Visitor: 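Structure in structure tokens, see below.
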Amino acid sequence: SYTWAKKFKKLMGHETPTALAGKIVDILKTDTNANGLFLHPNSRQHQHLCFTGGEPLMITGQAASMGIYRALEKRANLPSSMTYETNGTQKLTAECSNNGQLKFVVGSEQRQWEELENTVRKFREAGIEWPVWIMPTGAREEEQSATAGKVAEEAFKRGYNVAARVHVYLFGNAIGT
């Protein structure tokens, strides 16, 4: 919420996509991954990059994420894929719509599924056939446990993929997870 609430504006950075790409690479650096490649330090599996928080597909977010992508590309250090966790309300720029995944956070209420289907339909009508991933709502483990099974069943019935919000189970509702 710090990307739109004025009282949290001080938490928001004002750096270039190239600087942000550098910070991402620095975070990835370990003793076994000195170059900060998108490789898991133990398994060496190629890792993906996820943009989330607030609404990453606002026009400025799309421009920043594509700038980060280009900066990583110049370093010959691209993730295996990029994911945007979105509420689906933003129109995609041409640069951002080439490939990817759609990930939605949904609860067990029918109105939430209707809104999701309307959003997916808009993406499909725009020619975007990305895979759809569903995560259950809930910032706390108790909230997850209450809806996760129902959400997974509904997602599978509709032909969508399911992603657990593992960070909630592991770290709770902590900032930075």
Side-chain angles (χ1 to χ4, degrees), residues 1 3-4 17-18 20-21 23-25 27-28 37-40 43-139 143-144 147-170 177:
S1 63
T3 58
W4 58 267
T18 300
L20 292 171
K23 285 186 171 192
I24 292 168
V25 169
I27 290 168
L28 295 171
L37 301 176
F38 278 89
L39 297 173
H40 188 276
S43 69
R44 307 299 289 165
Q45 282 187 297
H46 209 142
Q47 301 295 294
H48 84 281
L49 177 60
C50 180
F51 292 97
T52 186
E55 177 46 63
L57 291 180
M58 292 179 76
I59 295 299
T60 55
Q62 290 184 55
S65 64
M66 291 293 91
I68 290 168
Y69 179 89
R70 285 189 298 277
L72 292 169
E73 187 175 42
K74 285 180 185 175
R75 293 173 176 237
N77 186 16
L78 288 173
S80 60
S81 62
M82 290 187 347
T83 302
Y84 294 91
E85 293 183 1
T86 178
N87 64 19
T89 60
Q90 302 297 309
K91 185 175 180 184
L92 293 175
T93 63
E95 182 179 31
C96 203
S97 65
N98 289 335
N99 55 51
Q101 303 172 28
L102 298 171
K103 193 183 285 187
F104 299 93
V105 178
V106 181
S108 57
E109 296 176 21
Q110 187 59 32
R111 69 172 178 75
Q112 294 172 329
W113 287 95
E114 290 168 4
E115 184 178 338
L116 168 96
E117 290 297 345
N118 286 333
T119 301
V120 170
R121 181 180 40 74
K122 289 176 186 175
F123 278 102
R124 300 298 186 238
E125 288 171 356
I128 298 168
E129 296 293 331
W130 297 351
V132 174
W133 288 84
I134 306 297
M135 294 189 307
T137 57
E143 296 165 330
Q144 291 282 300
T147 62
K150 292 176 188 172
V151 168
E153 285 179 25
E154 189 65 29
F156 292 142
K157 274 196 273 185
R158 294 169 184 256
Y160 297 141
N161 302 293
V162 174
R165 300 184 74 198
V166 177
H167 63 284
V168 171
Y169 294 107
L170 298 176
T177 60

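Note that the structure is a prediction, hence the values are computed from the model and not measured. Note: hydrogens, waters and symmetry copies are ignored here, and every other heavy atom, side chains too, is used.
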Visitor: Should F38 and I24 count as side-chain neighbours, where that means a heavy-atom distance under 4.5 Å?
Guide: yes
Visitor: To the nearest 0.5 Å, how far apart are NE2 in H40 and CG in L28?
Guide: 11.0 Å
Visitor: Run T119 and L102 through side chain to side chain contact (heavy atoms under 4.5 Å, CB included) and show every step you take.
Guide: CA-CA 10 Å; T119 301; L102 298 171; over 6 Å; no
Visitor: How far does CD of Q45 sit from CG of L39, to the nearest 0.5 angstrom?
Guide: 10.0 Å
Visitor: Does anything in residues 74-83 form a side chain to side chain donor-acceptor pair (under 3.5 Å)? List the pairs, not counting sequence neighbours.
Guide: none
Visitor: With distance as the sole test, does W113 use its side chain to make a donor-acceptor pair with the main-chain N or O of G107 at under 3.5 Å?
Guide: yes
Visitor: Which heavy-atom pair separates P17 from G67 by the least distance, and what is that distance?
Guide: CB-C, 3.4 Å
Visitor: Does the R121 side chain pair with the main chain of L116, one donor and one acceptor, at a distance under 3.5 Å?
Guide: no
Visitor: Can you check whether F123 reaches V132 side chain to side chain, under 4.5 Å on heavy atoms?
Guide: no
Visitor: Ignoring hydrogens, what is the shortest heavy-atom contact between N161 and A155? Give both atom names and the distance.
Guide: O-CB, 4.4 Å
Visitor: For A21 and A71, which heavy atoms make the closest approach, and how far apart are they?
Guide: CB-CB, 3.6 Å
Visitor: How long is the span from the OG1 atom in T18 to the CZ atom in R70, to the nearest 0.5 Å?
Guide: 9.0 Å
Visitor: Can we say K157 and E154 salt-bridge, meaning some charged N sits less than 4.0 Å from an Asp/Glu carboxylate O?
Guide: yes
Visitor: Using only atom types and a distance under 3.5 Å, with no angle test, would you say the side chain of R165 pairs donor to acceptor with the backbone of G138?
Guide: yes
Visitor: When you measure from the side chain of E143 to the backbone N and O of T137, does any donor-acceptor pair fall under 3.5 Å?
Guide: no
Visitor: Tell me, yes or no, whether the heavy-atom count around M58 atom CE, taken from other residues, nucleotides or ligands under 6.0 Å, exceeds 12.
Guide: no
Visitor: Could you tell me if the side chain of H48 sits less than 4.5 Å from the side chain of M82, heavy atoms only?
Guide: no
Visitor: Quick one: closest heavy-atom pair of A163 and P136, and the distance?
Guide: O-CD, 3.7 Å
Visitor: To the nearest 0.5 Å, tell me how far W130 CH2 sits from K103 NZ.
Guide: 13.0 Å
Visitor: For F51, check ring-ring contact (aromatic ring centres under 6.0 Å, His included) against everything at least two apart and list the hits.
Guide: Y84
Visitor: So, taking the atom named CG in L78 and the one named CD1 in I68, what distance separates them when rounded to the nearest 0.5 Å?
Guide: 12.5 Å
Visitor: Would one find more than 12 heavy atoms of other residues, nucleotides or ligands at under 6.0 Å from atom CD of E115?
Guide: no
Visitor: Measuring only between side-chain heavy atoms, which start at C-beta, is V106 closer than 4.5 Å to T147?
Guide: no
